[in-house]
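Numbers here simply count residues along the sequence, with the first being 1.
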Amino acid sequence: MKRGLMLCLIFFLFLNLCSCQTSHVQGLDWDAEEMVELHVFQGGVPADAHRKITTDPEEIQRVAKSLFALKVERDAVNEDVPCGGIGTYFSFYRADTSRETVLVGSGGDLLYTGEGFYKLKREISPNQDVLWDSIDAQPELVGENQLPEIGSFPPPEAGNP
């Protein structure tokens with residue numbers, strides 16, 4: 001009886017450890033506490049991209065926490081990409097102007113990071129409109145040419161703004 005109980009406990013511990021490892025999303029492994037500014041971009045088409053900017057630490061932490069809670073189902077493929085919409089870009093800036101930018105696809109079930117392209121578990125997909133609406137800032141039209149690149153970017157070198 002004790003041996004069976006011990007085996008069950010070990011099995012559940014093993015499952016828990018495995019699920020923790022698979023929930024880690026490469027490209028979302030930075031420290032949200034370092035971030036001092038957040039730019040969020042949305043639009044129906046790239047030419048109609050709008051941006052909101054916040055420096056509110058609570059807003060920045062709330063959005064980062066929502067992204068960190070994402071769970072990956074598998075690596076995504078081009079056939080997973082839906083038609084329409086640009087999705088939502090999230091650019092988190094540090095005080096030294098280095099940044100981390102990720103994109104949640106327009107359907108809410110794809111994630112692009114500098115490390116990969118992932119199909120998200122649908123039951124944990126973020127509601128992008130709720131995140132967008134939670135940023136207390138006026139949206140400004142920026143268009144396609146100001147959409148950020150996805151990935152991790154160091155601060156500009158001295159003399160190269």
Side-chain angles (χ1 to χ4, degrees), residues 14-55 59-135 137 139-157 160:
F14 175 75
L15 286 178
N16 191 25
L17 290 173
C18 289
S19 67
C20 289
Q21 290 175 350
T22 59
S23 67
H24 171 75
V25 179
Q26 290 184 340
L28 289 180
D29 51 1
W30 34 270
D31 183 4
E33 295 288 325
E34 297 177 348
M35 304 307 174
V36 297
E37 189 169 282
L38 171 62
H39 295 205
V40 182
F41 300 80
Q42 268 194 343
V45 295
D48 187 38
H50 285 74
R51 172 179 63 191
K52 286 185 174 183
I53 299 173
T54 184
T55 56
E59 290 180 346
I60 294 169
Q61 294 300 312
R62 182 178 58 249
V63 172
K65 185 177 179 181
S66 294
L67 293 174
F68 293 161
L70 297 175
K71 303 290 186 228
V72 170
E73 181 179 314
R74 61 178 167 79
D75 286 344
V77 295
N78 287 335
E79 290 76 24
D80 292 323
V81 179
C83 294
I86 64 170
T88 306
Y89 290 79
F90 300 92
S91 288
F92 294 84
Y93 287 83
R94 295 178 186 88
D96 67 1
T97 70
S98 63
R99 68 179 164 92
E100 305 290 339
T101 301
V102 299
L103 169 64
V104 176
S106 62
D109 60 350
L110 295 176
L111 176 70
Y112 302 81
T113 71
E115 302 291 324
F117 177 36
Y118 307 103
K119 176 87 170 159
L120 298 172
K121 291 184 178 181
R122 183 161 288 289
E123 66 273 5
I124 306 176
S125 296
N127 185 324
Q128 299 160 36
D129 292 332
V130 169
L131 290 175
W132 173 263
D133 292 340
S134 74
I135 304 298
E140 62 178 314
L141 179 65
V142 295
E144 183 174 2
N145 63 341
Q146 289 192 39
L147 288 174
E149 288 184 57
I150 299 165
S152 297
F153 299 92
E157 295 181 21
N160 294 332

Using 30° and 60° as the class limits, which term best fits the ring planes of H39 and F41: parallel, tilted or perpendicular? tilted
Might you work through the side chain to side chain contact (heavy atoms under 4.5 Å, CB included) test for D109 and D80, ending with a clear yes or no? CA-CA 9 Å; D109 60 350; D80 292 323; over 6 Å; no
Roughly how far, to the nearest 0.5 Å, is CG of D133 from CD of Q128? 11.5 Å
Given side chains that start at C-beta, do those of N78 and F117 come closer than 4.5 Å, heavy atoms only? yes
Do the non-hydrogen side-chain atoms of D48 and L141 ever get within less than 4.5 Å of each other? yes
With side chain to side chain contact (heavy atoms under 4.5 Å, CB included) as the test, would you mind laying out the steps for I150 and Y89 before giving the verdict? CA-CA 8 Å; I150 299 165; Y89 290 79; 4.2 Å; yes
Residue pair V40 / L131, side-chain heavy-atom distance below 4.5 Å: no
Between W132 and P139, which heavy-atom pair has the shortest distance, and what is it? CZ2-CB, 3.7 Å
Minimal heavy-atom distance between L147 and A49, with the atoms involved, is CD2-CB, 3.7 Å
Are L67 and V104 close enough that some pair of their side-chain heavy atoms sits under 4.5 Å apart? yes
Judged by atom type as modelled, is there a donor-acceptor pair below 3.5 Å linking the side chain of S66 to the main-chain atoms of R62? yes
Output yes when R51 and E140 qualify as a salt bridge under the 4.0 Å nitrogen-oxygen rule, no when they do not. yes
Are R99 and E37 within salt-bridge range, i.e. N to O under 4.0 Å? no
Do Q42 and T88 have side-chain atoms, one donor and one acceptor, less than 3.5 Å apart? yes
Out of curiosity, L70 CG to K121 NZ, how far, rounded to the nearest 0.5 Å? 11.5 Å
Within 6.0 angstrom of E149 CD, more than 12 heavy atoms from elsewhere: no
Do the side chains of V72 and K119 get nearer than 4.5 Å, heavy atoms only? no
Taking all atoms of both residues into account, what is the closest heavy-atom pair of R94 and W30, and its distance? NH2-CB, 3.7 Å
So which heavy atom on P148 is nearest to which on T101, and how close? CG-CG2, 3.8 Å
Side-chain touch Y112/V81, heavy atoms, less than 4.5 angstrom: yes
For A137 against I53, the heavy-atom pair lying closest together: CB-O, 3.3 Å
Roughly how far apart are L110 CG and L103 CG, rounded to 0.5 Å? 8.5 Å
Heavy-atom donor-acceptor pair, T113 side chain to Q26 backbone, under 3.5 Å: yes
Over all heavy atoms of both residues, which pair between I60 and M35 is shortest? Give the atoms and the distance, please. CG2-CB, 3.8 Å
L28 versus Y118: any side-chain heavy-atom pair under 4.5 Å? no
